[in-house]
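Lettering of chains follows the sequences in order, A, B, ..., and the numbering in each one begins at 1. Heavy-atom basis, side chains included; hydrogens, waters and symmetry copies ignored.
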There are 2 protein chains.
Amino acid sequence: MNMQTALRSVPPTSPMVRGAARLEASDSCQQIALPSFAAVESAMPWTARRLRRGAYLYRAGMPSTALYVVRFGCLKSSLAADDGDERVLDFPMRGDLLGADALAGQPCATDVQALEDSEVLVLPVSDFESACSRTPGLRQDLYRHFGTTLRKEREHLMRLGGMRAGQRLARFLLELSDRFAAFGYSPRVFNLRMSRAEIGSYLGLTLESVSRLFSRLKDDGLIRVDLRKIELLEVAALRAIAAGHELPHEVASGAVA
Amino acid sequence: MNMQTALRSVPPTSPMVRGAARLEASDSCQQIALPSFAAVESAMPWTARRLRRGAYLYRAGMPSTALYVVRFGCLKSSLAADDGDERVLDFPMRGDLLGADALAGQPCATDVQALEDSEVLVLPVSDFESACSRTPGLRQDLYRHFGTTLRKEREHLMRLGGMRAGQRLARFLLELSDRFAAFGYSPRVFNLRMSRAEIGSYLGLTLESVSRLFSRLKDDGLIRVDLRKIELLEVAALRAIAAGHELPHEVASGAVA
DNA sequence: CGCGGTATTGAATCAAGTCAAACTTCGTGG
DNA sequence: CCACGAAGTTTGACTTGATTCAATACCGCG
């Protein structure tokens, strides 16, 4: 397909896009999804693949040939509903594992598109599977990955069913905050990589509702928001909203405690 | 339908509930989730466990020790939202695999309760894991299982986000119909095992809405419904609704066939 | 028989969606 | 570098689908 597009336009600094086995511990990308990955004894060939903003890693229906671990950037996995328009399922970021359908020998189930310039580690499925057969720890990691993925989906289900719009958005912001924090970035100030429409699709809301909710949070002094620049001002209050306490009513008029 | 094996209650003294390795092909329970399970060469100890209506297979937070495959019956997996009330995540039935958290060494993530008298196959996790290490096919099945589970969750996500209430219920009914059909039961006439409240929780609706929607479908002549007894009369029209075409307008007015 | 859990139905309310318009930002190419 | 058009965002007015509250009916069961 479009292998050429973003494939190996590798940084001039590192001539080695290919490697085998053990990555340095500092390469934290796989630490999260596959902690024991670095400990794999046998050679495990891998490739890096760069994606420009807007480029697709793969699309639904394509034969799946590899697993991917996000090294940096932010992507969007989505699926076209039968009524045509897309529904956003997740925003994979550093450390997230993608393309697990490959393990089941099934075609790609979703579209995955880069929201900003990103890079993923490519793990050919056959290599991975054979590594799995040799390495219980890797299997374990994989199970854990599936477990946490399912858990996240479940939580997402909770969000969509029976949760007010404000609650959903508050959760979304806090989740993003946590993820950025885990990367060592600021949990209070960050840039959204996705549009209002994409957030809305993810949360089961319209883009207008998302916009309105942002404005509301801003008016209430809980966040600062300018386009995609976000700053969380009252995390405690946000947590309260996320927990369902719609508003402790006139939260902190002056109390920044 | 419920084979005699079902009649073995579970007195601790009964040696008959234990077995090893290859189950008969007729024991279709694992065919669905784990096709190659029956082909496992080495001994794979298993136990059957019966659950009375209302009994819990496990509860969220409990240490997980085994995988389960439903042999017959209908269960409910749910999770208490932080606001207290429970959210139904799934209605596992024959062939469905439960408790995959065990593989990741994590505690049970959900509550699982029997909606009617049910039986599950118990597969101790250590045995299962060792069988996995020896049997690529079993691993493959497992991957496939995770793949389809994720796919189902995704579909469920689609339902909850951006889908009208009528659409959700229509989908729910058709999905049930398909599952029953796969079991060899009638896809047109069946009994709901769950209450309106549970359906509502599953679909992200209130029980009143569910009730109303049932009545509406009945009035429109698409289904016959009496409490939990369901008969699908106009499957095509239901599919149309499920697909988003709200109503092909005055469907078959007169055809109560 | 009457009781408790379950289901249906109605009326009023409200949250979120829809439609529409104005405005800002961003990227592209002149 | 600026201008332009496309895309993204905000905001308003209005509509509506679904919830909420509440009353009633029903089934199954002891």
Length of the line joining [X]:[atom1] and [N]:[atom2], which is rounded to integer Å:
{"X": "B/L217", "N": "C/dT9", "atom1": "CG", "atom2": "P", "result": "13 Å"}
{"X": "A/K229", "N": "C/dT25", "atom1": "NZ", "atom2": "P", "result": "15 Å"}
{"X": "A/R52", "N": "C/dG27", "atom1": "CZ", "atom2": "P", "result": "14 Å"}
{"X": "A/L160", "N": "C/dG17", "atom1": "CG", "atom2": "P", "result": "12 Å"}

Atom CG in B/D111, atom CG in B/L79: separation rounded to 0.5 Å?
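These two atoms lie 7.0 Å from each other.
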
As an exercise, state the distance from CG of A/L203 to NE2 of A/H156, rounded to the nearest 0.5 Å.
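Rounded to the nearest 0.5 Å, the CG-NE2 separation comes out at 6.0 Å.
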
Before accepting this row, confirm whether a basic side-chain N of the pair [X]/[Y] lies closer than 4.0 Å to the acidic partner's carboxylate O.
{"X": "B/R87", "Y": "B/D85", "result": "yes"}
{"X": "A/R154", "Y": "B/D101", "result": "yes"}
{"X": "B/K76", "Y": "B/E86", "result": "yes"}

What's A/G200 touching, base or sugar-phosphate or nothing? Going by heavy atoms closer than 4.0 Å.
nothing

Over all strands shown, is B/G204 touching base, sugar-phosphate only, or nothing at heavy-atom distances under 4.0 angstrom?
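Sugar-phosphate, no base atom in range.
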
Using atom names, set out every protein N or O paired with an N or O of nucleotides 5-8 of chain C below 3.5 Å, distance rounded to 0.1 Å.
unit_1: C/dA7; atom_1: OP1; unit_2: B/R228; atom_2: NE; d: 3.3
unit_1: C/dA7; atom_1: OP2; unit_2: B/R196; atom_2: N; d: 3.2
unit_1: C/dT8; atom_1: OP1; unit_2: B/R196; atom_2: NH2; d: 3.2
unit_1: C/dT8; atom_1: OP2; unit_2: B/R196; atom_2: NE; d: 2.7
unit_1: C/dT8; atom_1: OP2; unit_2: B/R196; atom_2: NH2; d: 3.3
unit_1: C/dT8; atom_1: OP2; unit_2: B/S211; atom_2: OG; d: 3.0
unit_1: C/dT8; atom_1: O5'; unit_2: B/S211; atom_2: OG; d: 3.3

The test is side chain to side chain contact (heavy atoms under 4.5 Å, CB included); show your working for B/K152 and B/D90 and say whether it passes.
CA-CA 10 Å; B/K152 273 175 56 182; B/D90 196 12; 3.9 Å; yes

What is the 5' to 3' range of DNA chain D, first to last nucleotide, that sits under 4.0 Å from any heavy atom of chain A?
D/dG8 to D/dT20

Measuring centre to centre across the rings, with the benzene-like ring taken for any Trp, is A/Y202 within less than 6.0 Å of A/F91?
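Between A/F91 and A/Y202, which both carry aromatic rings, the centre distance is below 6.0 Å.
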
Partner of B/E116 under side-chain hydrogen bond (donor to acceptor under 3.5 Å, both in side chains), chosen from B/R52, B/R53, B/R193:
B/R193

